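Only a predicted model underlies this, so the values are computations on that prediction, with no experimental measurement involved. All values below were derived from every heavy atom in this structure, side-chain atoms included, with hydrogens, water molecules and symmetry-related copies excluded. Numbering of ligands and ligand atoms starts at 1, following listing order.
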Amino acid sequence: MINKNTSLRMQSIVFIGFMGVGKTTIGQKVAQKLYRDFVDIDREIEKEFNMPTTEIFKTFGEKVFREKEKSMIDSFSKQQLKIISVGGGAFLQEDIRNICLSNCIVFYLDLSWDYWKERIGLLIDSRPVLQSRTLEEIEELFYTRQEIYSYHHSKVNTNDLDVDEVADFIVDSLKVAWDIYEPLK
Ligand SMILES: Nc1ncnc2c1ncn2[C@@H]1O[C@H](COP(=O)(O)OP(=O)(O)OP(=O)(O)O)[C@@H](O)[C@H]1O
Ligand SMILES: O=C(O)C1=C[C@@H](O)[C@@H](O)[C@H](O)C1
Ligand SMILES: [Mg+2]
């Protein structure tokens, strides 16, 4: 479902995956390496509401957050040459999946549960979806969510890779794909 009207080289790249797999961190790195602008959809929503995500959830509810998430992604994914990290729950919405898969190159950052659970301390304060859940409930959510991340164009498993190694792998694989599918004349 790659967009045939836009050159592959111009298409924006979208990172998806469960909370805390590294979409923001790795997205920023890839943007630096490809000299592109980086857009973090969670951050854009926070700027618009002028409050952190946890406060948006508390004050307006998840539905309002999800509506804003959809309109933000719709608008950014139509722009070219961006590196876009979406929130961990964005692909719950079929509309968002379709928008991203048809306009952009979608990369799934995959991390196994045993590695993910070591990161929980870094995440719990700023991710409302994790708060008030036990570790067992988070594990269940982690596995349930895998289905929505199966919609992607490319995937990288980040177990045992640091941020630079993942970013280098992504940049290299994009360059290979660009050269194969759109060789420079
Ligand atoms: N490859 C990696 N190795 C080790 N730590 C990492 C790696 N990638 C990210 N991290 C760390 O994991 C934490 C979560 O990363 P990040 O905020 O980028 O995740 P995210 O996918 O954007 O999460 P969310 O969906 O909640 O926005 C950060 O503290 C980051 O430094
Ligand atoms: O996985 C989720 O449902 C979320 C992930 C975060 O990136 C934020 O988008 C928000 O906290 C919801
Ligand atoms: Mg993030």
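- Under the rule for a salt bridge (charged side-chain N to carboxylate O under 4.0 Å, His left out), the partners of Glu55 that lie at least two apart in sequence or sit in another chain are Lys58.
- Ligand 2 lies out of reach of Glu46, whose nearest heavy atom is not under 4.0 Å from it.
- For ligand 2, the atoms lying closer than 4.0 Å to a non-hydrogen atom of Asp42 are 6 (C), 7 (O), 8 (C), 9 (O).
- Taking 4.0 Å as the cut-off, Leu111 does not count as a neighbour of ligand 1 on heavy-atom distance.
- The shell of residues lying under 4.0 angstrom from ligand 1, judged by heavy atoms, includes Gly20.
- Here's the thing with Ser126: none of its N/O atoms is less than 3.5 angstrom from an N/O atom of ligand 2.
- Ligand 2 has an N or O atom lying under 3.5 Å from an N or O atom of Gly89, backbone or side chain.
- Here's the thing with Thr53: none of its N/O atoms is less than 3.5 angstrom from an N/O atom of ligand 2.
- Salt-bridge formation is detected for the pair Lys33/Asp164: a Lys NZ or Arg NE/NH1/NH2 atom is positioned less than 4.0 Å from an Asp or Glu carboxylate oxygen.
- Residue contacts with ligand 2: Glu62 is excluded, as none of its non-hydrogen atoms falls under 4.0 Å.
- Atoms of ligand 2 lying under 4.0 Å from any heavy atom of Gly88, numbered from 1 in the order shown and given with element: 1 (O), 2 (C), 5 (C), 6 (C), 7 (O).
- When each of Phe65, Phe57, Phe60 is checked for a ring pair (Phe, Tyr, Trp, His ring centres under 6.0 Å) with Phe49, only Phe60 meets the rule.
- Remark: ligand 2 and Arg127 share no N or O pair separated by less than 3.5 Å (distance only, no angle test).
- Every atom of ligand 2 with a heavy atom of Val129 under 4.0 Å away is listed here by number and element: 2 (C), 3 (O), 12 (C).
- Under a 4.0 angstrom heavy-atom cut-off, Phe18 registers as lying outside contact with ligand 2.
- Using a 3.5 Å distance cut-off with no hydrogens or angles, the side chains of Ser7 and Glu182 do pair a donor with an acceptor.
- Taking each of Arg119, Glu165, Lys29, Lys23 in turn, the one with a heavy atom nearest to atom 3 (N) of ligand 1 proves to be Arg119.
- With respect to Asp179 and Lys175, no salt bridge is recorded, no charged nitrogen being found less than 4.0 Å from a carboxylate O.
- Not a single N or O atom of Phe65, backbone or side chain, sits closer than 3.5 Å to an N or O atom of ligand 2.
- Considering both main-chain and side-chain atoms, Thr158 never comes within under 3.5 Å of ligand 1 through any nitrogen or oxygen pair.
- Classified by interplanar angle (parallel below 30°, tilted 30° to 60°, perpendicular above 60°), the ring pair Phe107/Phe15 is tilted.
- Sorted by chain and number, the protein atoms of type N, O or S within less than 2.8 Å of the Mg ion (ligand 3) are Thr24 OG1.
- When Val86, Thr25, Val21 are ranked by how near their heavy atoms come to atom 15 (O) of ligand 1, first place goes to Thr25.
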